[in-house]
Amino acid sequence: MKKTAKERLKTLIEDVVKDDPKITGIEEKDIVVLPTLKEEFGEFYTNIAFRMKNKFPSPMEAAEYIKTNILKLNPPCIKKIEVKNGFLNFFLSDEFYLKLISEIANGNTSSLKPPPVNKKFLIEFVSANPTGPLTIAHGRQAAFGEALARILKYAGADVTKEYYINNAGRQIKLLGESLRARYLQLKGIDCPIPESGYEGEYLIEIAKKVPCKDIDFESFAAENILDDIRADLKKFGVSFDRWVSELEFFRTGMVDKLLKHLEEKGFIYSAEGSKWFKSSLCGDEKDRVVVKSDGSYTYLASDIAYHKDKIERGYDLLVNIVGPDHHGYIPRLKAVAEVLGFNPENLNFIIVQLTTLYRGKEKLSMSTRKGQFISLKQLMDEVGPDASKFFFIFRKADSHLDFDLELAKKQSIENPIYYLQYAYVRMKHIIEFAKEKGMETGSADLSLLKEQEELSLTKYISKFPDTIEAVVKSYGIHLLAEYLLDIAKLFHSYYHKHRVVSEDKKLSSARLVLTHALLTVFSLSLNLLNISLPERM
RNA sequence: GCGCCUGUAGCUCAAUGGAUAGAGCAUCUGCCUUCUAAGCAGAGGGCUGCCUGUUCGAGUCAGGCCAGGCGCACCA
């Protein structure tokens, strides 16, 4: 695997620092190289001089010392190093950049890869109960999970996407009773929906499909709803490697077996007519019921079995993407992990906050009970899957999201998804236009790319792997979306200031190479974000 | 009452403990004979909710307040 520019710089610093008696107390983790936010500071910087203040009179002098020693090695990728305010700022050589875009434009994208993530991930997400249609909250989780999985995979991780179907328990029982009531109502028999049952109209539609009164209403309802959920997700462009059924953990006896085992080990005890899991031993505020006094199981009981199953399948990291209504559930699952011998730190929860829908200024209040809610399907029908996905992911997961339906439909600069797509179409169009004119890029002289915008764009391309790395580290998908918007802005600006295809054949060729490289980064990024691109606009 | 999340420009939001806190929208001013103006250039706009710490350095970390959202089941 090819080293990124950042890694190369890090190695250089390590080499200089490692065996120098004047420099002590610096460990590998102290050597941090980061992309800069401003061009005046070069492309990367390190703050290592601040870590060495005891050995040198000032960070400035430490920085100068390191700078001198790095330059002695005469590294080819560095144009210059500047010491400013104690920071070492690295400016990479033109050759490095020109080689980079030349490779990318020619289809060799190895330099766009981040340092490999050699880990096995299991990402569980959506996992909505099959008791009703997917909501926009599920939509945001779905968009997030799919994009995260794609980015992790791109970074080299082994990723499994999983949907856990809660098709057992009280809610499903209520669902079955609600469907039965709807069915009987259709037959003219007065039968009320049970208390706190499901009153949504979708059950009437399903009731129409019920063949006779002797069916298993629970599984009939759940299966029908699950079919809709699958169809919605498919339309949304979200797929799963596995669909795991809660019922199976009961059918195979795994739940009973596991609870018994945990009881023998003293993690489960009986009290007040129920059985309790001692989650308070591992950080939960209180113990939790696993077997109710009526002998039925709580959700936690089967979830223990599910997580045991996850752990046994052998993953380095278990990622659960959940809504904010589940946050109280996290400590007990962490306790489950600990009791089952899995490091709770490797059981990660990503809480995707809620979305508030607006239609312009008007806030759409939603209430499932009153049947006033917008489903994911309705959202897709109104603004389209791509715009929906983009709005869902271009904000941090733990930020509440305001989603304006009017804005998402607008075809103007106000709407970032159109801004991106327009940039993409422009790139494609330029390349096609050049092709019609019979332009060639094969023997382009890239040293002709001297404009400030061209250099900025090139540097931005080189930061792609760093962006991916940052996403992997923080699960912050929005960073990639923002990166893309930044490139789009730079490109639009470049487009207006300079012509790619002109009378100057040599210059045109060089600029076409850059455009090709940009297009590659654009397609790749949008693919990772699971957003499709139009051929024309 | 307890827990989680949030609080940054008029609005919606970025910013991995780094340098002068950045974008977009909105407002104002310019720009189409050109590879798509669904676009571009420029201007104004800030006590990062408040207070105390930790640090060479805090929007970021810790503690305490204030405000908003969401949870606190033998539901899932």
Side-chain angles (χ1 to χ4, degrees), chain A residues 32 34-38 40-41 45-47 49-51 53 58-59 84-87 89 127-129 131 166 168-172 174 196 246 272-276 285-286 288-300 302-303 323-331 349 351 353-354 356 358 361 394-404 407 410-416 418-419 421-423 425-434 436-437 466 469-471 473-474 476 478-479 481-482 485-486 489 492-502 508 511-512 515 536-537:
Chain A
V32 176
L34 293 171
T36 57
L37 296 173
K38 292 189 177 180
E40 61 172 304
F41 297 143
Y45 75 95
T46 180
N47 59 3
F50 292 102
R51 306 266 167 266
K53 61 183 185 324
S58 73
K84 219 181 245 176
N85 304 334
F87 295 98
N89 293 327
S127 296
N129 295 349
T131 53
N166 299 131
R170 199 171 85 94
Q171 295 305 321
I172 292 293
L174 273 170
S196 60
E246 181 187 10
E272 301 164 39
S274 328
K275 290 196 175 180
W276 300 72
E285 57 186 11
K286 55 179 264 194
R288 306 290 174 174
V289 170
V290 284
V291 182
K292 304 180 216 171
S293 48
D294 66 359
S296 64
Y297 299 88
T298 65
Y299 176 76
L300 181 61
S302 47
D303 220 13
D325 51 331
H326 279 65
H327 80 257
Y329 194 73
I330 294 171
F349 286 84
I351 298 174
Q353 289 293 337
L354 295 175
T356 309
Y358 287 81
K361 294 263 178 225
F394 97 126
R395 296 298 181 215
K396 268 191 310 207
D398 49 13
S399 287
H400 298 257
L401 177 70
D402 283 349
F403 190 135
D404 181 354
L407 176 59
K410 258 186 203 163
Q411 307 204 345
S412 76
I413 176 145
E414 293 167 70
N415 184 351
Y418 276 88
Y419 190 77
Q421 291 180 322
Y422 191 40
V425 169
R426 271 193 163 159
M427 290 172 196
K428 283 207 84 152
H429 194 261
I430 288 170
I431 288 166
E432 278 167 26
F433 182 81
E436 282 165 23
K437 291 224 159 191
D466 304 309
E469 195 185 351
V471 172
K473 221 167 138 182
S474 63
H478 67 288
L479 296 173
E482 295 211 326
L485 280 170
D486 284 343
K489 186 176 162 60
H492 282 307
S493 175
Y494 174 57
Y495 172 92
H496 276 270
K497 214 159 164 187
H498 308 285
R499 281 189 69 88
V500 173
V501 180
S502 66
S508 298
R511 288 180 171 174
L512 276 168
T515 309
R536 299 226 164 263
M537 289 177 77

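Every chain is numbered from 1 and lettered A, B, ... according to where its sequence line falls, protein lines coming before strand lines.
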Look at the side-chain N and O atoms of H478(A) and state whether any lies under 4.0 Å from the OP1 or OP2 oxygen of A15(B). yes

Need one value for R499(A): base, sugar-phosphate or nothing, where a base atom within 4.0 Å counts as base even if backbone is also close, heavy atoms only. base

With a non-hydrogen cut-off below 4.0 angstrom, is K410(A) in contact with a base, only sugar-phosphate, or nothing? nothing

Tell me, do N129(A) and N166(A) make a side-chain contact under 4.5 Å, heavy atoms counted? yes

Any strand: nucleotide that pairs with C35(B) via Watson-Crick or wobble, under 3.5 Å: none

Taking OP1 and OP2 of A76(B), is either one under 4.0 Å from a side-chain nitrogen or oxygen of T131(A)? no

How long is the line joining CZ of F41(A) and P of G18(B), in whole Å? 13 Å

Suppose we define a pair by two distances each less than 3.5 Å, Watson-Crick or G-U wobble; what does G10(B) pair with here? C25(B)

Checking all strands, does F433(A) fall into the base, sugar-phosphate, or nothing category for heavy-atom contacts under 4.0 angstrom? sugar-phosphate

Select base, sugar-phosphate, or nothing to describe what H492(A) touches, counting heavy atoms under 4.0 Å on all strands. sugar-phosphate

Sole residue of E40(A), K84(A), K38(A) in side chain to side chain contact (heavy atoms under 4.5 Å, CB included) with N89(A): K84(A)

Separation between the P atoms of U55(B) and A9(B), rounded to whole Å: 30 Å

If I take atom CD in residue E272(A) and atom C1' in nucleotide C74(B), what distance separates them, rounded to the nearest angstrom? 10 Å

Measure CG/L37(A) against C1'/G22(B) and give the value in whole Å, please. 9 Å

Distance criterion of 3.5 Å, no angle test: do you see the side chain of D325(A) paired donor-to-acceptor with the base of G71(B)? no

How is N85(A) classified with respect to the nucleic acid when contacts are heavy atoms under 4.0 Å: base, sugar-phosphate, or nothing? base

Could you work out which one of C13(B), U6(B), A19(B) sits closest to the side chain of T36(A)? A19(B)

F403(A) CZ to C13(B) P: how many Å, rounded? 13 Å

Return the OG1 to NZ distance between T298(A) and K292(A), rounded to the nearest 0.5 Å. 7.0 Å

Distance col, row R511(A):CZ vs T515(A):OG1, nearest 0.5 angstrom, shows 9.0 Å

Quick one: label I431(A) by what it contacts on the DNA or RNA (base, sugar-phosphate, nothing), any heavy atom closer than 4.0 Å. nothing

Which value, in whole Å, describes the distance between the P atoms of nucleotides C70(B) and U52(B)? 32 Å

Mind checking N166(A) for me? I need base, sugar-phosphate or nothing, with any heavy atom below 4.0 Å counting as a touch. sugar-phosphate

Report the distance from atom CD1 of I330(A) to atom C1' of C70(B), rounded to the nearest whole Å. 13 Å

For Y495(A) and C40(B), is the gap between ring centres under 5.5 Å while the planes differ by less than 30°? no

Residue matched to G59(B) through Watson-Crick or wobble contacts both under 3.5 angstrom: none

Looking at C40(B), which nucleotide sits across from it as a Watson-Crick or G-U wobble partner, both distances under 3.5 angstrom, or is there none? G30(B)

I'd like to check H492(A) versus Y419(A) (side-chain heavy atoms, cut-off strictly below 4.5 Å). Are they in contact? yes

Tell me whether Y419(A) is stacked on the nucleobase of A38(B), counting only the six-membered base ring and applying the 5.5 Å and 30° thresholds. no

Who pairs with C72(B) - Watson-Crick or G-U, where each distance is under 3.5 Å: G1(B)

Using a heavy-atom cut-off of under 4.0 Å over every strand shown, decide if S293(A) touches base, sugar-phosphate, or nothing. base

Hey, does S399(A) reach any base, or is it just sugar-phosphate, or nothing, if we go heavy atoms under 4.0 Å? sugar-phosphate

Determine the interplanar angle of the Y299(A) and Y329(A) rings, folded into 0 to 90°, and report it as parallel if under 30°, tilted if 30 to 60°, perpendicular if over 60°. tilted

Please classify the nucleic acid contact of V425(A) as base, sugar-phosphate, or nothing, using heavy-atom distances under 4.0 Å. base

For C13(B) and K396(A) - does any side-chain N or O of the residue sit under 4.0 Å from the phosphate oxygens OP1/OP2? no

Once you apply a heavy-atom cut-off of 4.0 Å, does D404(A) come out as touching a base, just sugar-phosphate, or nothing? nothing

Would you tell me whether S302(A) and E246(A) have side-chain atoms, one donor and one acceptor, within less than 3.5 Å of each other? yes

What is the base-pairing partner of C65(B), counting Watson-Crick and G-U wobble geometry with both distances under 3.5 Å? G49(B)

I need the NE2-P distance between H496(A) and U34(B), as an integer number of Å. 12 Å

